[in-house]
**Q** 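One structure follows; several queries about it will come next.
Just so you know, these numbers come straight off a predicted model, no measurement behind them. Side chains are part of it too, since the values below use all heavy atoms of this structure and drop only hydrogens, waters and symmetry mates.
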Amino acid sequence: MSDKDHSYIFEGGPVGILLIHGLCGSPTELRYVANGLARKGYTVLCPQLAGHCAGDADLRDSTWNDWYHSAEQGLKDLSKRCETVIVGGLSTGALLAMLLAHEHQAQVQGLTLFSPTFWLTGRQVPWYAKFFNLVPHKALANLINFPAPHRFGIKDARIRDFIRKALKAPGAPEMPIKTPGAAVLERRWLAKKVAGIVRHIKQPTLIVHPREDDYAGMDNAFFLQKTLLGHVDMVVLEDSYHIVTIDRQRDIVLQRTQQFLARLTSNLQPEIKSAPQPTLQAAA
């Protein structure tokens, strides 16, 4: 167990971007996109979700409500700094982003969703996952574990090797060697709740999803494209796996995110362009 908080913020201009990491992930998986957005003058906050970055036990004992409250606190902190806030997330983080948009419509002006994951339909999902959908409570779920992905959801072998080495470095987030069944069950409950409110989400949305997603098939993105109430921009990547913010086409992810944000906040561009050089700080 580690008490270190891996949250961080880039202090920038009046438009804030909240980026939420995925299940079993850490704010580090969003650092490349966060850096790129900060260089454009945005204020970017990446909070650490409750139960994460400290191993299996903390993750098993956390709930999706705990994860949501971490994201919600990030929204509150960012709203104090910024006039406009856009919320984004990766995988399960995308579900939390949508829930924030629904619950805090006045504070969230847009969404950027990377590999949004309602259903685990990719080829790397264990065969018994379909039977796990019948598990009704955490006592039984705790008897089942899902192995940590040996490919990290990343197509590029060189990037995978780099991440393996980085995770062994002192001070790196402690990643679970497996995903506790309790956490998978909590993720399922979160997905069910968000699926029920998607049709009420009005904010403009960018969806970036890989065609070869090894955990969440394109059915997830198509569901959102069809169901979200607001305008949707869809980007389909042809050479990436699930963790698109790190994988081979991360430059395209950043570029399309920057373009989406520029259109969404065009009336604020003079302020953004004149924003001071962003500085990285540990989030309070």
Side-chain angles (χ1 to χ4, degrees), residues 1-7 20-30 47-74 89-100 103 115-154 160 163-164 167-168 172-197 213-217 219-220 241-243:
M1 179 176 177
S2 171
D3 293 327
K4 181 175 175 57
D5 185 355
H6 295 273
S7 305
I20 308 168
H21 67 78
L23 180 63
C24 293
S26 81
T28 304
E29 65 195 20
L30 294 161
Q48 176 180 306
L49 297 180
H52 287 71
C53 304
D56 296 346
D58 282 14
L59 183 59
R60 184 184 62 243
D61 294 339
S62 65
T63 68
W64 74 259
N65 279 287
D66 296 331
W67 310 337
Y68 176 72
H69 290 321
S70 298
E72 188 176 44
Q73 185 60 53
L90 172 65
S91 190
T92 298
L95 301 183
L96 295 170
M98 285 183 276
L99 189 54
L100 283 175
E103 299 295 324
S115 304
T117 305
F118 288 95
W119 307 286
L120 301 174
T121 52
R123 63 183 179 281
Q124 289 295 314
V125 176
W127 63 269
Y128 51 82
K130 63 179 68 176
F131 300 105
F132 186 84
N133 289 332
L134 302 175
V135 173
H137 50 73
K138 293 184 77 169
L140 181 56
N142 273 326
L143 301 176
I144 306 169
N145 291 308
F146 287 74
H150 68 280
R151 291 180 177 173
F152 295 101
I154 297 170
R160 292 200 300 266
I163 290 174
R164 288 191 182 96
L167 289 175
K168 295 178 182 178
E174 184 179 344
M175 309 307 289
I177 59 175
K178 58 186 178 298
T179 303
V184 178
L185 182 59
E186 290 285 349
R187 195 213 68 82
R188 191 179 86 202
W189 288 337
L190 170 63
K192 181 178 180 180
K193 179 172 181 63
V194 177
I197 54 94
D213 196 315
D214 45 351
Y215 289 93
D219 53 332
N220 290 272
Y241 287 167
H242 188 62
I243 311 298

**Q** Any idea which heavy atoms bring N220 and P116 closest together, and the distance?
**A** CB-O, 3.3 Å
**Q** Under a plain distance cut-off of 3.5 Å, with no hydrogens placed, do S91 and S115 share a side-chain donor-acceptor pair?
**A**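 Short answer, no.
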**Q** Rounded to the nearest 0.5 Å, what's the gap from CG on L90 to CG on L23? Could you check?
**A**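 The distance works out to 11.0 Å.
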**Q** Are the side chain of H21 and the backbone of L30 linked by a donor-acceptor contact shorter than 3.5 Å?
**A**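 No, the answer is negative, given that no donor and acceptor are paired below the 3.5 Å cut-off.
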**Q** Do the non-hydrogen side-chain atoms of Y68 and L96 ever get within less than 4.5 Å of each other?
**A**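 Yes, at least one pair of side-chain atoms sits under 4.5 Å.
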**Q** Tell me if a side-chain donor or acceptor on E186 pairs with a main-chain N or O of T63 at a distance below 3.5 Å.
**A**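 No; zero donor-acceptor contacts below 3.5 Å.
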**Q** Restricting to non-hydrogen atoms, name the atom on D214 and the atom on G153 that form the minimum distance, rounded to 0.1 Å.
**A** OD2-CA, 3.6 Å
**Q** To the nearest 0.5 Å, tell me how far Y215 OH sits from L120 CG.
**A** 9.5 Å
**Q** Quick check: closest heavy atoms across F132 and G181, and the distance to 0.1 Å?
**A** CZ-O, 3.2 Å
**Q** Using side-chain heavy atoms (C-beta onward) and a distance below 4.5 Å, is F131 in contact with I144?
**A** no
**Q** For a side-chain contact (heavy atoms from CB on, under 4.5 Å) check, start with the C-alpha distance between D58 and H52, then their side-chain angles and the critical distance, and finish with the verdict.
**A** CA-CA 7 Å; D58 282 14; H52 287 71; over 6 Å; no
**Q** Do you know which two heavy atoms are closest between R187 and T117, and how far apart they sit?
**A** NH1-O, 2.9 Å
**Q** Using a 4.5 Å cut-off on heavy atoms from C-beta on, say whether the side chain of T121 contacts that of D213.
**A**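 Not in contact.
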**Q** Provide the closest heavy-atom pair for A141 versus V135 in the form atom of the first, atom of the second, distance.
**A** N-CG1, 3.7 Å
**Q** A97: what forms a side-chain contact (heavy atoms from CB on, under 4.5 Å) with it, not counting sequence neighbours?
**A** I20, V87, L111, L113
**Q** Supply the atom-to-atom distance I243 CD1 to R160 CZ, rounded to the nearest 0.5 angstrom.
**A** 12.5 Å
**Q** Are side-chain N/O atoms of D5 and S7 paired as donor and acceptor at under 3.5 Å?
**A** yes
**Q** Let me confirm one number: the CD-CG distance from Q73 to L49, rounded to the nearest 0.5 Å.
**A** 12.5 Å
**Q** For residues P47 and S70, report the shortest heavy-atom separation together with the two atoms involved.
**A**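 Taking P47 first and S70 second, the nearest heavy atoms are CB-O, 4.4 Å.
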**Q** Who are the side-chain contact (heavy atoms from CB on, under 4.5 Å) partners of D61, not counting sequence neighbours?
**A** none
**Q** Applying side chain to side chain donor-acceptor pair (under 3.5 Å), name anything that partners S62, two or more places apart in sequence or on another chain.
**A**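 Counting only residues at least two positions away or on another chain, S62 forms a side chain to side chain donor-acceptor pair (under 3.5 Å) with W67.
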**Q** Can you find a heavy atom in the side chain of S26 that is under 4.5 Å from one in the side chain of C53?
**A** yes
**Q** Hey, can you pull the donor-acceptor pairs under 3.5 Å for the side chains in residues 190-197, sequence neighbours left out?
**A**
none

**Q** Parallel, tilted or perpendicular, judged at 30° and 60°: which one describes the rings of Y128 and F146?
**A** tilted
**Q** In chain order, what residues pass the side-chain contact (heavy atoms from CB on, under 4.5 Å) check against A182, with sequence neighbours excluded?
**A**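 For A182 the side-chain contact (heavy atoms from CB on, under 4.5 Å) partners, ignoring immediate neighbours, are R60, K138, N142.
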**Q** Sequence neighbours left out, what passes side-chain contact (heavy atoms from CB on, under 4.5 Å) with N133? Give chain and number order.
**A**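 N133 satisfies side-chain contact (heavy atoms from CB on, under 4.5 Å) with R188 only.
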